[in-house]
Amino acid sequence: MPNLNDHLGADLAQLRADGLYRQLRTLASAQGARIVIDGREFLNFSSNDYLGLANDPVLKRTARTATQRWGVGGGASRLVCGNLAPYEELERKLAAFKGKEAAIVFSSGYAANIGTITALVEEGDIVILDKLDHASIIDGARQSGATIRVYPHKNLKKLEDLLKQSGKSRRRIIITETIFSMDGDAAPLAEIVALKEKYSAWLMLDEAHATGIFGANRRGLAETTGVENKVDVTLGTLSKALGCVGGFVAGSQTLIDYLRNRARSLIYSTALPPSVCAAATAAVDFVMSEAGAGRRDKLWENVQAMEAKNPIIPIIIGDERVAVERSRQLYDKGIFVPAIRYPTVPKNKARLRVTVSAAHSAEDIQQLNECIGR
Ligand SMILES: *Cc1c(COP(=O)(O)O)cnc(C)c1O
């Protein structure tokens, strides 16, 4: 048997040779349109902080006040003694925001997907996924023990075939992202809902990248599409447009009671700190307000200035090494755009993933456009 470090070292050398080696970059500034790395300022087009809330003064003040009152740590799982009052307030706020009976908060969007999917289905059931669904959905589906069926990205014909093939006697759940995290395109929700109804399957939506920025009330793409009351399970994150950290599920009171009893990533994990819950509550308040509508409009102005449809703008390069090189060239010009590579996206589909935020000025967008040669 090889020595552990020799074994791992060989794997890492291969990753380097394939242009797939990953490194952390350390920011010496808060998250925002401008960030500091290695003592240099960069224009940041890489974060999911679409509304510029991650370093918002009101949210920071709210978190500070909550820390003074409630301390820094949750102390235990929520089912033991970690369920401090800011949690309840956040869940009530999220339910109201999403227009659902109830909501439940997890320590991350990742934990929300894992806990929810493993609670809802098990061996003998069928999970039907879009090929480009997020890793946390795939991992949840795998852990559940259910049979996994995958349709090519947004391919409704294949989705219908899978629904036809899987017997009605078993539980079947379709799970899709609404705005896809690495491609920025939208799932055909109206059509998926029609199929879910026709074949009486359940539908779970991951609105991670749509929450806070899509829909008249910023509730997500299901709102834009007018299908909210046809969706069985709605998942969102507090970590993207809401600028904080955490994940949540909104739905019927029965669903939420069930998850509280069955979702292992909730039951066996320490509660989020109260400061985060308080800040997230303030973030939802902001998103629901007139000011939130205005900030969302600013985001879409920036998206239009990029001649894009959504805030996530992938520039597909293909080869991993070339993508890394392009990212480095932008870095040299003071623009931070990451190269996204396998396994986050398929092999030979490496890309620069540009994300724009309401925090960018028109000049920022113009500078990016010039640097990427648009
Ligand atoms: C980011 C993301 C998650 C995970 O959310 P975190 O809060 O970052 O853990 C889940 N689903 C999708 C589609 C995402 O983009």
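First listed ligand is number 1; within each ligand, the first listed atom is number 1.
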Winner among Phe106, Phe180, Tyr110 once heavy atoms are compared against atom 9 (O) of ligand 1 | Tyr110
Going by heavy-atom distance to atom 14 (C) of ligand 1, choose the closest among Glu207, Lys240, Glu177.
-> Lys240
Need the ligand 1 atom indices (1-based, order shown) with element for anything under 4.0 Å from a heavy-atom of [X].
X      : value
Ser181 : 15 (O)
His209 : 14 (C), 15 (O)
Ser239 : 6 (P), 7 (O), 8 (O)
Asp206 : 10 (C), 11 (N), 12 (C), 13 (C)
Thr237 : 5 (O), 7 (O)

Going by an N to O cut-off under 4.0 Å, is there a salt bridge joining Arg34 and Asp364?
-> yes
Are the charged groups of Glu228 and Lys100 less than 4.0 angstrom apart, N to O?
-> no
Is the shortest heavy-atom distance from the side chain of Arg218 to the side chain of Leu51 under 4.5 Å?
-> no
May I ask you to test the Tyr110-Asp139 pair for a side-chain heavy-atom distance under 4.5 Å?
->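 Of all side-chain heavy-atom pairs linking Asp139 with Tyr110, at least one is under 4.5 Å.
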Does NZ belonging to Lys158 count more than 12 external heavy atoms closer than 6.0 Å?
-> no
Between Glu160 and Tyr151, is any side-chain donor less than 3.5 angstrom from a side-chain acceptor?
-> no
Quick one: does Thr116's side chain have a donor or acceptor within less than 3.5 Å of a partner on Asn113's backbone?
-> no
Heteroatom distance test (Gly109, ligand 1): nitrogen or oxygen, under 3.5 angstrom |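 Checking ligand 1 against Gly109, an N or O pair does fall under 3.5 Å apart.
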Quick one: does Ser136 get within less than 4.0 Å of ligand 1, heavy atoms only?
->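 Yes.
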